[in-house]
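Below is one structure, written out as structure tokens; comments come after it.
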Amino acid sequence: MGISEAMLNQALSQSFFQRDTVLVARELLGKHLVCRMPEHAQPIVCKIVETEAYTQDDPACHAYAGPKGRGLTLYKQPGLSYVYFIYGMYHCLNVVTEPEGRAGAVLFRALEPVQLPAEVTLNTKGPGRLCKALGITKAEHNEILLTEETSPLYLMEGEPVADDEVITTTRIGISLAQDYPWRFYIPGNPWVSIKAKPNVISAKSKI
DNA sequence: GTCGCGATTTGCT
DNA sequence: GCAAATCGCGACA
């Protein structure tokens, strides 16, 4: 089962992102990320299997200090990408949420490749690895609209994920606001990053 | 399997 | 100057 052209031409609208950040993070699970890479004729399609939410009032959020510096991007229009460079070697991909003027973002932590060119393999398990695999950089992919099919990177509908099929835990790799239950993932999916032992807040799924 | 550590740049103090 | 929304590797169990 491939991804049809009709599906590829239906990017998620700005209104999807112009909502509560935690809700958007949860609802992005199962959605598809489309990536047009210069070296491949066919677009690469990946399913989102793990996300984290970051909000304006969240000490761990880059926008916590206010609309200045790199956090300024998070106050801009919903649906915009936010790519930052970390640990001297990795990029992380986010999408801006909430109405313009209020900050919020969802970090993409893991993807499952669902449509790849032949003989291509990607390691999209982890926020740094997925950016490396898809060639996402701050220079080329920061502050681009993920709501436009013409973008090198955009979001579209995917496979619905029921509320009771989602695991909620604390976030990975941060020292501030460690107790916020704002990480979401699809249980049992082999592409979910494991690392550390997050505090599982809810796991209604029948594994 | 888990644990600890170092790499290497950016941006804010 | 230093901590960071990470990862790969080697040691050990």
Side-chain angles (χ1 to χ4, degrees), chain A residues 17 20-29 31 33 46 48-76 78-98 102-113 121-144 146 153 155 166-201 207:
Chain A
F17 301 100
D20 176 77
T21 304
V22 177
L23 181 67
V24 174
R26 149 72 189 82
E27 291 194 4
L28 273 173
L29 292 180
K31 297 284 191 283
L33 178 72
C46 297
I48 298 164
V49 299
E50 181 181 353
T51 62
E52 282 179 1
Y54 289 85
T55 73
Q56 185 168 330
D57 302 319
D58 167 12
C61 182
H62 292 169
Y64 187 63
K68 57 185 181 184
R70 60 182 175 176
L72 176 60
T73 300
L74 303 190
Y75 288 83
K76 296 188 178 180
L80 210 57
S81 66
Y82 170 54
V83 179
Y84 64 87
F85 195 59
I86 190 78
Y87 295 116
M89 57 184 95
Y90 299 111
H91 293 272
C92 288
L93 172 67
N94 299 247
V95 60
V96 173
T97 56
E98 308 280 347
R102 186 191 313 178
V106 173
L107 169 69
F108 295 88
R109 282 198 57 89
L111 309 172
E112 174 189 350
T121 57
L122 294 179
N123 183 352
T124 48
K125 180 177 174 176
R129 286 189 280 234
L130 74 87
C131 285
K132 185 181 174 197
L134 296 174
I136 296 169
T137 63
K138 180 175 181 179
E140 293 182 63
H141 303 276
N142 189 36
E143 295 198 358
I144 63 172
L146 302 182
L153 211 54
L155 291 156
V166 173
I167 303 278
T168 304
T169 78
T170 51
R171 298 172 292 181
I172 305 292
I174 57 175
S175 57
L176 297 169
Q178 290 179 357
D179 56 327
Y180 287 32
W182 286 354
R183 172 177 177 247
F184 305 96
Y185 67 87
I186 300 175
N189 190 293
W191 293 91
V192 171
S193 73
I194 302 169
K195 192 186 171 184
K197 297 172 191 139
N199 182 19
V200 174
I201 308 300
I207 298 185

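In what follows, chains are A, B, ... by sequence order, proteins preceding strands, each numbered from 1.
In this structure, the CZ atom of A:R171 is 16 Å from the C1' atom of C:dT6, given to the nearest Å. Between the C1' atom of C:dA5 and the CZ atom of A:R183 lies a distance of 12 Å, rounded to the nearest Å. Between the NE2 atom of A:H62 and the C1' atom of C:dA4 there is a distance of 7 Å, rounded to whole Å. Atom C1' of nucleotide C:dA5 and atom CZ of A:R109 are separated by 7 Å, given to the nearest angstrom. Rounded to a whole Å, the NZ atom of A:K125 is 13 Å from the C1' atom of C:dC7. Between the CD atom of A:E50 and the P atom of C:dA5 there is a distance of 16 Å, given to the nearest Å.
Nearest to the side chain of A:S175, among C:dA4, C:dA5, C:dC7, sits C:dA4.
Inspection of the A:T21 and A:E98 side chains reveals an N or O donor paired with an N or O acceptor under 3.5 Å. Residues A:E52 and A:Y54 have side chains that bring a donor and an acceptor to within less than 3.5 angstrom of each other.
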Tell me, for nucleotides 5-12 of chain B in 5' to 3' order, what letter each nucleotide earns: B for a base near a protein heavy atom under 4.0 Å, S for only sugar-phosphate near one, - for neither? --BBBSSS
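A:S193 contributes no side-chain N or O that, together with a main-chain N or O of A:A110, makes up a donor-acceptor pair within less than 3.5 Å.
With A:L122 as the partner, the side-chain contact (heavy atoms from CB on, under 4.5 Å) test is satisfied by one option alone out of A:L130, A:L111, A:L134: A:L134.
Counting heavy atoms from C-beta on, the side chains of A:F17 and A:L155 come closer than 4.5 Å.
If A:R129 and A:A63 are placed on DNA chain C by their nearest nucleotide, the residue sitting closer to the 5' end is A:A63.
Base-pair partner of C:dA5: not found among the strands shown (Watson-Crick or G-U wobble, both distances under 3.5 Å).
A:R171 and A:D58 are joined by a salt bridge, as a carboxylate oxygen and a charged side-chain nitrogen come within less than 4.0 angstrom of each other.
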